[in-house]
Enquirer: 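Pasting a structure here, questions to come.
The structure presented is a predicted model; accordingly, all values stated were derived computationally and were not measured.
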Amino acid sequence: MPELPEVETMRRGIARVVGARVVAVERPACKLRPIALSPARMPQWRKRLVGRAITGTSRAGKRVVIELDSGDRLIFEPRMTGLVLLADPPDIEHLRLRLELVGRGARQLLFWDRRGLGSARLVTGKEFAERYGLDKLGPDALDISAEQLRERLRASRRAIKVALLDQRALAGVGNLYASEILHLCGIHPARRCDRLTRGDWQAIVAAMHDVLATAIHFEGSTLSDGTYRNALNQAGGYQNHHRVYDRADEPCTRCRKARVVRIVQAQRSTFYCPACQKK
DNA sequence: CATATGTCCTGAGAGC
DNA sequence: TGCTCTCAGGACATAT
């Protein structure tokens, strides 16, 4: 589930690793599928990581990026259940990678992932540009302007909710926040992109910036499964502010009259208020 | 080209 | 109670 607010919270939580140096790399022995990180690559990883200094942290859409003084980048992609941690992990059997650090900021940097859909990648600067350039990943959802988003999606016949999930159009929005954004601006999730007005695009982007900034303020959403945690293994708080997500049949938080409806779009749940979001 | 669907994965919760 | 089944949705591969 980690989307832009959760990944940005993880990144801020580990920002203190900047200036630290990697002294050891461990891939804990476990029977998990090696999707996160192949054990066979460990020798090469150690060669490229041990002795290197961390020069920066950033975010590429829903990925946390660790910048190294060699120019290499270590990329953590949490997908559904991945966590990037400084603190000890929720359990030891799903720990995928541990970097031991020396420096004032932190002693360790961990990647933990219960379901194993996530990944850790070590790429060169050139590979990073190829893989996460603007043709692969759209402008960040926090930075994109209404006119930019409109330009990228105005010809699309897809439903706006589905299009907001397209990471080549804009980076960072996932299934949870797409519903929240459309509820805040009062636009029906099934409205086709090519039927939206300039005013609609302005409303969508304003709502997107509002929802994402507020969710970051509350350090993201920890759903009922409790999986998502910040870098210190603490739950987020934005789940207490959800407008429609996972609230099917409950009264709308805005009009208090209609009940929230759940539909399925592109095999994903969408939640909306039929009174506040007319088609 | 644009859009739609199938796949991976684990554990929580439903239903019997 | 304990079993089986369904579902959750990130990104990407493949199909239409």
Enquirer: Where do A:Leu165 and A:Ala178 come nearest, in terms of heavy atoms and distance?
Expert: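 Heavy-atom minimum between the residues: CD2-CB, 3.9 Å.
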Enquirer: Which residues in residues 144-154 of chain A have a heavy atom closer than 4.0 Å to any atom of DNA chain C?
Expert: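 Residues of residues 144-154 of chain A under 4.0 Å from DNA chain C: none.
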Enquirer: Inspect the contact between A:Arg52 and A:Asp69 and indicate whether a charged nitrogen and a carboxylate oxygen are less than 4.0 angstrom apart.
Expert: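 Result for this pair is yes, salt bridge flagged.
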Enquirer: Linking I/L/V/M/F/W/Y whenever their side-chain heavy atoms sit closer than 4.5 Å, directly or via other members, would A:Leu49 and A:Val84 fall into one cluster?
Expert: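 As far as the 4.5 Å side-chain criterion goes, A:Val84 and A:Leu49 are connected within one cluster.
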Enquirer: Among residues 215-248 of chain A, which ones have heavy-atom contacts with DNA chain B below 4.0 Å?
Expert: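 Residues of residues 215-248 of chain A under 4.0 Å from DNA chain B: none.
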Enquirer: Is A:Val50 reachable from A:Leu109 through a run of I, L, V, M, F, W or Y residues, each pair having side-chain heavy atoms under 4.5 Å apart?
Expert: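 Yes; tracing contacts between hydrophobic side chains, which count when under 4.5 Å, links both residues.
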Enquirer: Of all nucleotides in DNA chain C that come within under 4.0 Å of a heavy atom of chain A, which is furthest toward the 5' end and which toward the 3' end?
Expert: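 Footprint of chain A along DNA chain C, 5' to 3': C:dA8 to C:dC12.
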Enquirer: Salt-bridged, A:Arg59 to A:Asp140, with N to O below 4.0 Å?
Expert: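 Counted as a salt bridge, because a side-chain N and a carboxylate O are separated by less than 4.0 Å.
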Enquirer: N/O contacts under 3.5 Å, protein versus nucleotides 3-6 of chain B?
Expert:
{"residue": "B:dT3", "atom": "OP1", "partner": "A:Ser156", "partner atom": "OG", "Å": "3.4"}
{"residue": "B:dT3", "atom": "OP1", "partner": "A:Arg157", "partner atom": "N", "Å": "2.8"}

Enquirer: Less than 3.5 Å apart, any donor N or O on the side chain of A:Ser179 or A:Asn175 sitting next to an acceptor on the other?
Expert: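 There is no such pair between these side chains.
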Enquirer: Using the rule that two of Ile, Leu, Val, Met, Phe, Trp, Tyr join whenever any of their side-chain heavy atoms come within less than 4.5 Å, decide whether A:Leu196 and A:Ile144 are in one cluster.
Expert: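 Cluster IDs for A:Leu196 and A:Ile144 match.
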Enquirer: Distance-only, no hydrogens or angles: does the A:Gln44 side chain make a donor-acceptor pair with backbone N or O of A:Arg41 under 3.5 Å?
Expert: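 No; zero donor-acceptor contacts below 3.5 Å.
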Enquirer: Write down the atom of A:Ala141, the atom of A:Leu212, and the distance for their closest heavy-atom approach.
Expert: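 Distance-wise, the nearest heavy atoms are CB-CD1, 3.6 Å.
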Enquirer: Within the pair A:His94 and B:dG11, is there a side-chain N or O less than 4.0 Å away from OP1 or OP2?
Expert: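 Looking at the OP1 and OP2 atoms of B:dG11, one of them is under 4.0 Å from a side-chain N or O of A:His94.
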Enquirer: Take the C1' atoms of the five end pairs on each side of the helix from B:dA2-C:dT16 to B:dC16-C:dG2, derive the two axes, and give their angle rounded to 10 degrees.
Expert: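 About 50°, once rounded to a multiple of 10°.
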Enquirer: Work out which heavy atom in A:Arg158 is nearest to a heavy atom in A:Leu153; give both atom names and the distance.
Expert: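 What the structure gives for the nearest pair is NH2-CD2, 3.8 Å.
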Enquirer: State, to 0.1 Å, how close A:Gly220 and A:Glu6 come at their nearest heavy-atom pair, and which atoms those are.
Expert: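 In terms of heavy atoms, the two residues are closest at CA-OE2, 3.4 Å.
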Enquirer: For residues 271-279 of chain A, which side-chain N or O atoms pair as donor and acceptor with protein atoms under 3.5 Å away, sequence neighbours left out?
Expert:
{"residue": "A:Gln277", "atom": "OE1", "partner": "A:Cys273", "partner atom": "N", "Å": "2.8"}
{"residue": "A:Gln277", "atom": "NE2", "partner": "A:Leu182", "partner atom": "O", "Å": "3.1"}
{"residue": "A:Gln277", "atom": "NE2", "partner": "A:Ile187", "partner atom": "O", "Å": "3.0"}

Enquirer: Using the salt bridge (charged side-chain N to carboxylate O under 4.0 Å, His left out) definition, which of the options A:Arg198, A:Arg152, A:Arg154 pairs with A:Glu147?
Expert: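 The single option meeting the salt bridge (charged side-chain N to carboxylate O under 4.0 Å, His left out) with A:Glu147 is A:Arg198.
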Enquirer: List the atom of A:Arg131, the atom of A:Lys136, and the distance in Å for their closest heavy-atom pair.
Expert: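 Closest approach of A:Arg131 to A:Lys136: O-CB, 3.3 Å.
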